[in-house]
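I have placed the structure first, in the form of structure tokens, so that the comments after it can refer back to it.
Basis for what follows: all heavy atoms, side chains included, without hydrogens, waters or symmetry-related copies. Every chain is numbered from 1 and lettered A, B, ... according to where its sequence line falls, protein lines coming before strand lines.
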Amino acid sequence: MFPTHSRRSAPAAAPANFEALFEQYWERLCRAADQVVGDPAEAEDLALEAFVQFHDRPPARDENPGGWLYRTVTNLALNALRSRRRRQHYEQAAALASELPEDAALVAERQMERQRVHRTLAALPPRSAQLLVLRHTGLSYAEIAAALQVAPTSIGTLLARAEKDFERIYNEQD
Amino acid sequence: MHIPEGDLRAYYDAELPDGQHQSVAAHLAQCTACQERGRDIQQRAWKIGNRLEALSTIPPAGYTLLGPARRKFEDQLITSRKERYAMKRQLNRVPRGAWIGLALLTVLAVALAFPSVQAVANSFLGLFRVEQIQVVDFNPESVPGDIQNSKQMEALFSKNIKTEGGGEPQALANADAARSLSSLPVRLPEGLAGAQSFSVRPESTSTFTVDLALLRSVLKDMQRTDIVLPDSLDGAQVQINVPTMVIAKYGACAEQTAAGETDQGSRHMRPVDCTTLIQGRSPTISAPPDLDMVKLGQAYLQLLGMSPAEAQSFAAQVDWASTLIVPLPRNEAEHSQVTVDGVTGTLVTSNAYDDQNFALLWVKDGILYALAGNGDSAKALEIASTLK
């Protein structure tokens, strides 16, 4: 089904300011991905993947590069979340990462909560999940709008709606 | 007049312009209803923030430092390019028959998954008709690279499918000839440069008889014995009718081998700067109504890489009687829903090659459209908007 049309062309040149963008956004992308997957190592891999895509297939010149990077890394993280097998890995990794000797019941409770939040995020429409993650990462409305390519004045409405959906889906799991 | 919810939300995030912020504050000072709504919004945002906070496990030492991260990036870049190249070669090696088989399995799974309907005198009924399209990410790892060596796969599709009609597209002189021959209200894009060509793929009817033992052997070859097929499937006859399709091509569509292609195993021909529009009425699928075939759709989704729980959950979300499932190799393409021609369509953009390609699929007034070519999503939608 997919077209076989293609042109043979040289790989796209990396954007001229790639080094500066990598420096500026490396940790931010890790943090954004980590908000979703809760696994620092995996979050770094997802951030690297976003940079690889940016390097090899840069966005259009008039597109905000930071917004593109944020949108891409949250897409990658949410896609990873939706894969059940990987989600189980994240749950286990997070449990192992808890090195402090804590009450077993507390650890189990936290793990269940993480699973519930993961399921909720995975069940949301992709844009709503991205919106919540980006806001929680600390992006301003203008930055979120650039990432999601919507008008900044619509972010308040979209966020309110996404939060209502999150609450509904989260509570349905009771 | 109360404050819109979006403005309230933005107010509590201090994201409103100064003047608007002040007028919202003034209204809240004397409107108890908006105060209450504001409290609900704040509480909800606070709870969700705490819940998301529970997910993050930022390491005490922070993330990898910039220098080492940059080196990891270089390694990942090289690995990614190698994987893409290997994937290309692997996909090129999957013979046409296997892809056709996969496509037919798609149609079969959808057909046999729709609910039983009331029987009439004839045994065949239960029509499937495409009204919408849904993409499923396909994990190529779920299809072993040596599948072309499967004698069972070859037997499955050579012995059990009988096709009447169809065949190679017939070249036509112009668009009017295509309209006349197809009885379709053929619509065409405007403003595309380069040569134009028109052809018609004649109507075809394929009848597929399920040989369950053979199908199970194929699954064994694919190392997917975890997928369970019901016994009632054996001997089921499914008829698939694909109406006449009109194919319009624009630009430099003469096929040529890619420069530097030395792999004799590759049959990949690469037209350059070519836009193709295929249109036709929906394929229809008929199958006996007494088969309990919902599980077959789930089995197919598992073949595409979903877990049993995911397949079951996905299957519950679609209308199997009217949704065409399109498998796309994961990591090779991205897809999204878009508004095209006044309806919701599916846009696929490829990252399989060192260039951008698109495929735009939609259904309007009972006609399936598939628009493919070089370029990004904006170009795809722009071309589609010129259809007349």
Side-chain angles (χ1 to χ4, degrees), chain A residues 1-12 19 22-23 26-27 30-31 34-40 43-45 47-49 51-53 55-57 60 84-85 94 97 110 113-114 117-118 120 132-133 135-136 140-141 152-161 163-164 166-167 170, chain B residues 4-10 13 15 41 44-45 47-49 51-59 62-64 66 69-70 72-73 76-77 80-81 103 258-260 268-274 276 307 309-310 326 328 333 348 350-359 370 372-374 376:
Chain A
M1 185 277 298
F2 198 79
T4 56
H5 309 85
S6 176
R7 273 203 309 264
R8 282 291 253 190
S9 60
E19 292 300 329
F22 190 91
E23 190 174 327
W26 162 245
E27 198 165 307
C30 289
R31 202 172 303 127
D34 206 1
Q35 293 288 349
V36 177
V37 300
D39 179 338
E44 289 196 9
D45 285 346
L48 286 174
E49 178 55 35
F51 279 114
V52 164
Q53 290 191 21
H55 185 277
D56 276 358
R57 291 179 297 277
R84 187 184 69 98
R85 279 190 282 272
R110 283 188 183 154
E113 171 66 10
R114 291 167 58 85
V117 175
H118 273 153
T120 305
L132 291 175
V133 168
R135 181 62 192 159
H136 185 66
S140 68
Y141 277 28
T153 50
S154 66
I155 295 297
T157 304
L158 293 173
L159 199 50
R161 200 175 297 157
E163 286 169 345
K164 276 186 178 171
F166 183 100
E167 189 176 52
Y170 181 89
Chain B
E5 186 178 53
D7 287 354
L8 264 182
R9 185 69 185 84
D13 277 344
E15 288 276 359
I41 285 173
R44 187 181 302 123
K47 277 187 200 169
I48 291 172
R51 292 191 175 118
L52 291 177
E53 186 64 37
L55 290 181
S56 177
T57 54
I58 297 176
Y63 298 106
T64 300
L66 211 50
R70 189 69 178 83
K72 281 173 78 173
F73 165 77
Q76 178 114 343
L77 193 63
S80 171
R81 285 176 177 170
H268 191 70
M269 309 290 279
R270 295 185 174 181
V272 291
D273 288 330
C274 179
T276 303
S307 70
E310 283 171 335
V326 174
L328 278 186
V348 178
S350 167
N351 54 2
Y353 305 104
D354 295 332
D355 204 347
Q356 282 186 309
N357 299 282
F358 63 79
N374 314 111
D376 59 13

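Atoms OG1 and CD, from B:T64 and A:E27 in turn, are 10.0 Å apart once rounded to the nearest 0.5 Å. In this structure, the separation between NE2 on A:H55 and CD on B:Q76 is 12.5 Å, given to the nearest 0.5 Å. Distance CD/A:Q53 to CG/B:L77: 11.5 Å, rounded to 0.5 Å.
Comparing B:G49, B:P4, B:A69 by heavy-atom pairs within less than 4.5 Å of chain A, the highest count is held by B:A69. Of the listed residues (A:T157, A:T153, A:L48, A:L132), the one with the most heavy-atom contacts under 4.5 Å to chain B is A:L48. With respect to chain A, the highest number of heavy-atom pairs below 4.5 Å among B:A370, B:A10, B:A45, B:G6 belongs to B:G6.
Across all non-hydrogen atoms, the minimal contact from A:E23 to B:L66 is CG-CD2, 3.0 Å.
Partners of A:E167 under the salt bridge (charged side-chain N to carboxylate O under 4.0 Å, His left out) rule, at least two apart in sequence or in another chain, are B:R44. Annotation: ring pair (Phe, Tyr, Trp, His ring centres under 6.0 Å) contacts of A:Y141 (sequence neighbours excluded): none.
Counting only heavy atoms from C-beta outward, the side chains of B:R51 and A:F166 approach each other to under 4.5 Å. A heavy-atom distance below 4.5 Å is found between the side chains of B:D13 and A:L159.
By the 30° and 60° cut-offs, the orientation of the rings of A:F51 relative to B:F73 is perpendicular.
Remark: the backbone N or O of B:I48 is not paired with any side-chain donor or acceptor of A:E163 at under 3.5 angstrom.
For the pair A:R31 and B:Y63, the cation-pi test (distance below 6.0 Å, angle within 45°) is failed.
At a 4.5 Å heavy-atom cutoff, A:L158 makes no contact with chain B through either its backbone or its side chain. Using a 4.5 Å cut-off between heavy atoms, A:S154 makes no contact with chain B at all.
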